[in-house]
Amino acid sequence: MTKLQVAVDLLTTADALALTNKVAPYVDIIELGTPLIKSAGLSAISAIKAAHPDKEVFADLKTADAGFLEADLAFSAGADLVTVLGAAGDATIKGAVEAGQKHGKKVVADLIGVENRVERAREIAKLGVAFVEIHAGLDEQAQPGYSIQTLLDDGKIAGVPFSVAGGVKIDTIKAVRDAGADVAVAGGAIYSAADPAAAAKALKDALTK
Ligand SMILES: O=C([C@H](O)CO)[C@H](O)[C@H](O)COP(=O)(O)O
């Protein structure tokens, strides 16, 4: 079954906790977005894990270098999954994977900005990551003509475990599931909703019904 991941792209631990306390019952994975980690630091990871010990906590580090060191820091702070950039060198990805092995935790390779996502996804899948994230970031989503369909097509073709992030919404989440994604990531569709709990519940229901 496709898991639901909430991407918390807020800037303070207090705001993040206020959101996750509302939406946790409906999500499988809680992601601390890159801006949150940069703003609040590793202590935000520890705070979210302490508040939600039953959830998988995902630290969106988007590591570009020093793969072992950065992943080790986030796992030590309480993360269950961390991201490394798919555009990074293989040595960086392997370093993050080694840190995951040390802690018994998982690494996800984020394909944001990668031109040939299918080819790189297949290469990275051999490096020991749990899955790849087929991802169009906020800036790419803002470009005219952006469509999530390109992500779904690449995920289907790649034939490796994958998540999808890039403006997943209530009207697209079933297509994400039907494309075979292991995880659907929703940020703005939840944290910008007037009622985040209701939005998260609707997304979860759409995945399961
Ligand atoms: O990873 C993300 C982005 O790079 C900002 O940190 C987002 O969390 C990801 O794109 C999911 O958010 P939405 O696109 O708003 O669903």
Side-chain angles (χ1 to χ4, degrees), residues 2-13 15-16 19-20 22-23 26-42 44-45 48 55-64 70-71 74 79-88 96 107-114 117 121 129-152 154-155 162-177 179 181-194 196-204 206-207:
T2 306
K3 291 182 178 178
L4 179 60
Q5 174 171 326
V6 59
V8 182
D9 283 321
L10 304 175
L11 295 181
T12 68
T13 301
D15 284 349
L19 178 74
T20 59
K22 290 178 192 161
V23 306
Y26 312 109
V27 305
D28 305 290
I29 303 172
I30 297 174
E31 171 189 334
L32 290 95
T34 317
L36 174 59
I37 295 171
K38 287 187 175 178
S39 173
L42 293 171
I45 300 172
I48 294 285
K55 299 293 172 185
E56 290 187 278
V57 169
F58 181 113
D60 190 16
L61 299 178
K62 293 191 178 78
T63 290
E70 290 201 3
D80 299 297
L81 302 110
V82 305
T83 58
V84 61
L85 287 179
V107 174
V108 177
D110 183 344
L111 293 175
I112 189 169
V114 169
R117 287 188 288 246
V129 301
F131 54 90
V132 298
E133 180 174 316
I134 312 274
H135 183 196
L138 303 179
D139 295 339
E140 185 177 344
Q141 292 175 47
Q143 299 305 308
Y146 169 72
S147 164
I148 197 172
Q149 190 58 46
T150 58
L151 307 183
L152 306 187
D154 284 353
F162 68 99
S163 64
V164 171
V168 172
K169 296 180 171 53
I170 192 64
D171 56 348
T172 54
I173 197 162
K174 280 184 189 291
V176 174
R177 177 198 64 191
D182 297 271
V183 180
V185 182
I190 295 176
Y191 65 74
S192 294
K201 181 176 187 310
L203 290 164
K204 185 66 174 171
L207 284 177

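Remember, it's 1-based here, ligands and their atoms both numbered in the order they're listed.
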Enumerate, atom names and distances included, each donor-acceptor pair closer than 3.5 Å involving a side-chain atom of residues 4-13, sequence neighbours excluded.
from : atom 1 : to  : atom 2 : distance (Å)
Q5   : NE2    : E31 : OE1    : 2.8
T12  : OG1    : D15 : N      : 3.0
T12  : OG1    : D15 : OD2    : 3.4

Return the set of residues passing side chain to side chain donor-acceptor pair (under 3.5 Å) with D182 (not counting sequence neighbours), or none when no residue passes. none
Assess A189 for proximity to ligand 1: is some non-hydrogen atom of it under 4.0 Å away? no
Ranking G167, G33, G137, A7 by closest non-hydrogen atom to atom 11 (C) of ligand 1, top hit is A7
Among non-hydrogen protein atoms, atom 4 (O) of ligand 1 lies closest to K62 NZ, 2.9 Å
State whether a side-chain donor-acceptor pair under 3.5 Å links T83 with D60. yes
Purely on distance, is any nitrogen or oxygen of E133 under 3.5 Å from one on ligand 1? no
Taking only non-hydrogen atoms of Q141 and a 4.0 Å limit, the atoms of ligand 1 in range are 10 (O), 14 (O)
Would you check the N or O atoms of G187, main chain and side chain alike, for any that come under 3.5 Å of an N or O of ligand 1? yes
Nearest to atom 5 (C) of ligand 1, what protein heavy atom do you find, and at what distance? D9 OD2, 3.6 Å
Where is the nearest protein heavy atom to atom 9 (C) of ligand 1: which residue, which atom, and how far? H135 NE2, 3.5 Å
Hey, is K169 one of the residues with a heavy atom under 4.0 angstrom from ligand 1? no
Is there any N or O on G188 that sits under 3.5 Å from an N or O of ligand 1? yes
